[in-house]
Number of protein chains: 2
Amino acid sequence: MRAADRAVETIQHEMTVFARRARASASRLHPELSLVSYTLLGHLEERDGCRATDLAAHYALDKSTVSRQVTALERAGLVERRPDPADHRVQVLHLTDAGRSILGQVTVSRRAAVGERLAEWSEEDLERFAGYLVRYNSWSRSG
Amino acid sequence: MRAADRAVETIQHEMTVFARRARASASRLHPELSLVSYTLLGHLEERDGCRATDLAAHYALDKSTVSRQVTALERAGLVERRPDPADHRVQVLHLTDAGRSILGQVTVSRRAAVGERLAEWSEEDLERFAGYLVRYNSWSRSG
DNA sequence: CACGATGAGTTGTACTGTGCAACCAGTAGT
DNA sequence: ACTACTGGTTGCACAGTACAACTCATCGTG
């Protein structure tokens with residue numbers, strides 16, 4: 001398992017480089033929406049509403065952190081909390097129209113930036129890369 | 001460019017998920033060495049010494065941030081600054097033995113964690129994934 | 001050679017994101 | 001009803017970060 005070991009090393013190193021750069025590029029690209037806010041909004045859109053606890057679990061964040069982020073997003077008018085009739089402890093988080101709108105803009109500009117970076121890639125490579133990333137990240141969900 | 005577009009979307013999303021989890025797992029895995037410290041030490045080992053400015057550029061960090069990180073690492077005895085005889089503004093950063101040692105330990109534990117996550121992957125997939133990551137991250141260096 | 005421009009690094013300051021612990025409120029099991 | 005659990009908030013402390021202003025060394029040009 002020599003070559004595989006080297007590959008594992010490279011993967012963790014490159015993932016880390018990426019992580020280091022992600023925030024910087026986010027604040028360059030969309031100073032109005034921090035990386036973490038963008039991520040949370042994106043999750044809300046994708047799932048069409050979810051609980052703060054789910055966000056915390058999915059992104060390995062403390063519930064207090066999510067609570068504060070959500071508070072900020074709500075103050076900014078980007079999300080709204082709806083009480084869950086089935087469980088009065090729970091607030092289901094939903095994007096507002098404003099939230100959906102700003103998320104859309106940011107997504108477009110991000111897609112442009114990422115797309116530029118990936119412009120020379122073949123469709124096959126793109127899909128394979130995407131597949132690998134999903135597979136890597138889904139590990140903690142499956143086991 | 002429909003499928004490719006979706007792939008780009010997935011790539012940026014999954015990269016972001018990863019970035020969000022990286023710090024959390026780092027502090028779980030090696031509380032004695034923060035993710036950023038680990039990354040910087042790794043870079044020093046790889047390059048066998050470099051300037052603070054290079055670190056800042058490579059990781060998209062402000063030079064003041066790097067300066068403070070390096071100060072902390074030096075206080076901890078993990079790196080040393082060597083004056084550059086050719087340019088007296090420059091300090092070349094080098095790992096100390098202690099730095100190399102702790103980096104080695106952390107690398108082992110990280111490799112174990114990442115390796116566990118990648119255990120089921122074929123060698124071919126690992127290498128292809130690693131290659132994609134390198135290709136993705138090297139974009140800013142080439143263009 | 002002197003002077004202005006540039007580059008490496010440090011320090012002051014302020015802010016964001018984060019986790020932990022303590023807490024409150026609602027739910028579920030016995 | 002009592003207890004255990006779960007979703008969420010708040011108090012607190014701290015790490016990482018950026019920006020701006022600074023010092024000191026280097027390099028080019030008149």
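Numbered from 1 within each chain, the chains take letters A, B, ... in sequence-line order. The basis for the numbers below is simple: all heavy atoms, side chains too, and nothing from hydrogens, waters or symmetry mates.
- Heavy-atom nearest nucleotides on DNA chain C were determined for A/Lys63 and for A/Val36, and the one closer to the 5' end corresponds to A/Val36.
- With respect to B/Leu78, the side chain to side chain contact (heavy atoms under 4.5 Å, CB included) criterion is satisfied by exactly one of B/Leu103, B/Leu33, B/Leu44, B/Leu40: B/Leu33.
- Residue whose closest nucleotide on DNA chain D sits further toward the 5' end, between A/Ser27 and A/Ser67: A/Ser67.
- Between B/Phe129 and A/Ile11 there is a side-chain heavy-atom pair separated by less than 4.5 Å.
- Under a 4.0 Å N-O distance rule, the pair A/Asp125/B/Arg135 qualifies as a salt bridge.
- Contact of the B/Glu124 side chain with the B/Glu127 side chain is not registered, since no non-hydrogen atoms from C-beta on lie closer than 4.5 Å.
- With a 4.5 Å cut-off on side-chain heavy atoms, A/Gln69 and A/Ser37 count as touching.
- If you measure from atom CZ of A/Arg23 to atom P of D/dA15, you get 15 Å, rounded to the nearest angstrom.
- The nearest whole Å value for the distance from the CG atom in B/Leu61 to the P atom in D/dA15 is 17 Å.
- Counting non-hydrogen atoms under 4.0 angstrom, A/Ser34 reaches the backbone sugars and phosphates but no base.
- Looking only at side-chain heavy atoms (C-beta outward), A/His13 and B/Val134 stay at 4.5 Å or farther from each other.
- Of all non-hydrogen atoms in B/Leu126 and A/Ala4, the two that sit nearest each other are CD1-CB, 3.7 Å.
- The aromatic rings of B/Trp121 and A/Tyr132 lie tilted to each other, with the angle between the two planes from 30° to 60°.
- In the helix from C/dC1-D/dG30 to C/dT30-D/dA1, the end axes, each obtained as the rotation axis mapping the C1' atoms of four pairs onto the next four within a five-pair block, lie 20° apart to the nearest 10 degrees.
- Counting any heavy atom pair closer than 4.0 Å across all strands shown, A/Arg51 reaches sugar-phosphate atoms only and no base atom.
- The stretch residues 80-92 of chain B comes close to DNA chain C through B/Arg81, B/Arg89, B/Val90, B/Gln91, each having a heavy atom under 4.0 Å from the strand.
- Within a 6.0 Å sphere centred on CD of A/Glu46, other residues, nucleotides and ligands contribute more than 12 heavy atoms.
- A distance-only check finds no donor-acceptor pair linking the side chain of B/Ser67 to the backbone of B/Lys63 [under 3.5 Å].
- Considering only heavy atoms from C-beta on, B/Asp62 stays 4.5 Å or farther from B/Arg68 through its side chain.
- Taking only side-chain nitrogens and oxygens, A/Ser64 never comes nearer than 4.0 Å to OP1 or OP2 of D/dT10.
- Taking every nucleotide of DNA chain C with any atom under 4.0 Å from a non-hydrogen atom of chain A, the first and last of them, 5' to 3', are C/dG17 to C/dT27.
- Using a 4.0 Å heavy-atom distance criterion, A/Ala60 is classed as a sugar-phosphate-only contact.
- Using cut-offs of 30° and 60° on the angle between ring planes, the pair A/His58 and A/His43 is tilted.
- Note: CG (B/Leu40) to C1' (D/dG16) measures 11 Å, nearest angstrom.
- The interatomic distance linking A/Asp62 (CG) with D/dC14 (P) rounds to 17 Å, in whole Å.
- Rounding to whole angstrom units, CZ of residue A/Arg21 and P of D/dT17 are separated by 14 Å.
- Using a 4.0 Å heavy-atom distance criterion, B/Ala72 is classed as making no nucleic acid contact.
- Close to D/dT17, at under 4.0 Å from its OP1 or OP2, lies no side-chain N or O of B/Thr65.
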